[in-house]
Amino acid sequence: MTNDKLFLSALKSNPVNRIPFWYMRQAGRYLPEYMERRKTAGSFLDLCYSPDFAVEVTLQPLKRYQMDAAILFSDILVVPQALGQHLEFRQGEGPVLTPVDTANKINGLSMEGFHEHLAPVYETVNRLGAAIPETTTLIGFAGAPWTVATYMVQGHGSPDQAAARSLAFQEEDVFQGLMDLLVKATSEYLIKQIEKGAEVIQLFDTWAGNLPDDQFRKWAIEPVKKIIENIRVNHPDIPIIGFPRGAGCRYPEYIRATGVTAVSIDTTLPLDWVRDHIQPLCPVQGNLDPLLLVAGGPQMEKRVLEILDCLSGGPFIFNLGHGIVPQTPPEHVARVSEIVREYQIK
Ligand code: 1CP
């Protein structure tokens, strides 16, 4: 055993005496204290850009469940906003942006004022380093360019990301221009987070799974590979977790080609396949279905143990296969946390 924090040990494939855990979207609407703070802050974006509130909200789940990692409270869409795109979060509707779907509109985006706009986020990261418990690891994050672009081009979330996929097919050069800008912006954004104290980075590619394989290489693998190269120039050892959600059998190619340190796996991957084909390549994080966390009871508990039994023999971090949903009962999060904390590695 080393003196490393548990989560960092698992990311280095070092031995651990229990399985570290945290949950995607661990801060947010399922917590009454979050809803209370959002009300007084004004809006979701007001929370993201207020270091006082963002620190408080990041810490809320840790106080209840003592996860091994804290994730910066922010959103992947602050990056397009910092590039000059209009963004709002409407109650019950999710994010709404003014679509950038032509060469002209994409050329209207710029990095001028980018870091000034994001200064409150950097300040939050800086303060979190001192605010989290000593054994907890601080995760910084960004959306991967493909996923961020799907919102930028369409102007809102969509089940099929049709606007971005169409633009990429019909006007590849224009779309490439947007992706190049996102690679540059995201690299700089993450490097600043690391300089301010983020100890691990996670890149969320929520919509990677919808790309055909040639497009997956071009828009999910290539940009992430470049971002990782840019980060590693000055931060060669920073652990970077990739989450190419829905990538299925393309996970091994993604791991080899991008150079990620570890992957977060979604709910669809068979556990024994992950053990045999992914864990030999890198540490794995995942993958309880967030809707089982809503359901609770014996079904949830049985699955938590199945995941632990199958994956705890290799480098593993317990997590969900996607983010916590608002209707999740906090007691179920408490129960899963207890099971994982008490689990004896065989
Ligand atoms: O209070 C509210 O109403 C806002 C709800 C909310 C929260 C709590 C949104 C709006 N974003 C967040 C925080 C957030 N988002 C975090 C930090 C907190 C944590 O993880 O504990 C992170 C890492 C994200 C990342 C994010 N935002 C992703 C990637 C991961 C994923 O969940 O797939 C995506 C796709 C977004 C966009 C987004 N932001 C918010 C919503 C409702 C959405 C999704 C819209 C859609 O479904 O298309």
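Basis for what follows: all heavy atoms, side chains included, without hydrogens, waters or symmetry-related copies. As the structure lists them, so they are numbered: ligands from 1, and atoms in each ligand from 1.
Aromatic ring pairs are classed by plane angle as parallel below 30°, tilted from 30° to 60° and perpendicular above 60°; the pair F44 and F73 is perpendicular. Ring geometry for Y151 versus W207: interplanar angle of 30 to 60°, hence tilted. Classified by interplanar angle (parallel below 30°, tilted 30° to 60°, perpendicular above 60°), the ring pair F316/F318 is perpendicular.
Of the listed residues (D75, V325, L77), the one carrying the non-hydrogen atom nearest atom 39 (N) of ligand 1 is D75. When the heavy atoms of F89, Y151, F243 are ranked by distance to atom 47 (O) of ligand 1, first place goes to Y151. Of all the listed residues (Y34, F44, Y23), Y34 holds the heavy atom that lies closest to atom 1 (O) of ligand 1. Selection from Y30, W207, F141 by nearest heavy atom to atom 23 (C) of ligand 1 gives F141.
A 6.0 Å sphere centred on CZ of R232 holds more than 12 heavy atoms belonging to other residues, nucleotides or ligands. Heavy-atom contacts from other residues, nucleotides or ligands closer than 6.0 Å to CD of E112 number 12 or fewer.
Side-chain contact check for N287 versus L271: some heavy-atom pair is nearer than 4.5 Å.
No option in E33, E331, E338 other than E33 meets the salt bridge (charged side-chain N to carboxylate O under 4.0 Å, His left out) test with R64.
Protein heavy atom at the shortest distance from atom 36 (C) of ligand 1 is R25 NH2, 3.4 Å. Counting protein heavy atoms only, atom 34 (C) of ligand 1 is closest to I76 CD1, 3.4 Å. Nearest non-hydrogen protein atom to atom 2 (C) of ligand 1 is R38 NH1, 2.8 Å. Here the protein heavy atom with the shortest distance to atom 14 (C) of ligand 1 is S74 O, 3.1 Å. Residue, atom and distance of the protein heavy atom nearest to atom 29 (C) of ligand 1 are T206 OG1, 3.3 Å. Summary of contacts: the protein heavy atom closest to atom 18 (C) of ligand 1 is F73 CD1, 3.9 Å.
Distances shorter than 4.0 angstrom occur between a heavy atom of A27 and an atom of ligand 1.
Near G157, meaning under 4.0 Å from one of its heavy atoms, ligand 1 places the atoms 48 (O). Those atoms of ligand 1 that come under 4.0 Å of a heavy atom in I71, given as number and element, are 19 (C), 20 (O), 21 (O), 23 (C).
At a heavy-atom cutoff of 4.0 Å, ligand 1 is contacted by the side chain of P95 but not by its backbone. At a heavy-atom distance under 4.0 Å, only side-chain atoms of R29, from C-beta outward, approach ligand 1. When non-hydrogen atoms are compared, ligand 1 lies under 4.0 Å from the side chain of H322 (C-beta onward) but not from its backbone. When heavy-atom distances to ligand 1 are checked against a 4.0 Å cut-off, L72 comes that close only through its backbone atoms N, CA, C and O.
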Kindly determine whether Q170 and S166 satisfy side-chain hydrogen bond (donor to acceptor under 3.5 Å, both in side chains), including the steps that lead there. CA-CA 6 Å; Q170 291 172 16; S166 293; 4.5 Å; no
Go through the steps for Y189 and H115 under the test ring-ring contact (aromatic ring centres under 6.0 Å, His included), then give the verdict. CA-CA 8 Å; Y189 179 49; H115 293 297; 8.2 Å; no
W219 and F175: ring-ring contact (aromatic ring centres under 6.0 Å, His included), yes or no, with the steps? CA-CA 10 Å; W219 308 126; F175 190 71; 4.8 Å; yes
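Aromatic ring centres of H277 and Y251: separated by at least 6.0 Å.
Checked against a 3.5 angstrom limit, the closest N/O atoms of G28 and ligand 1 fall outside it.
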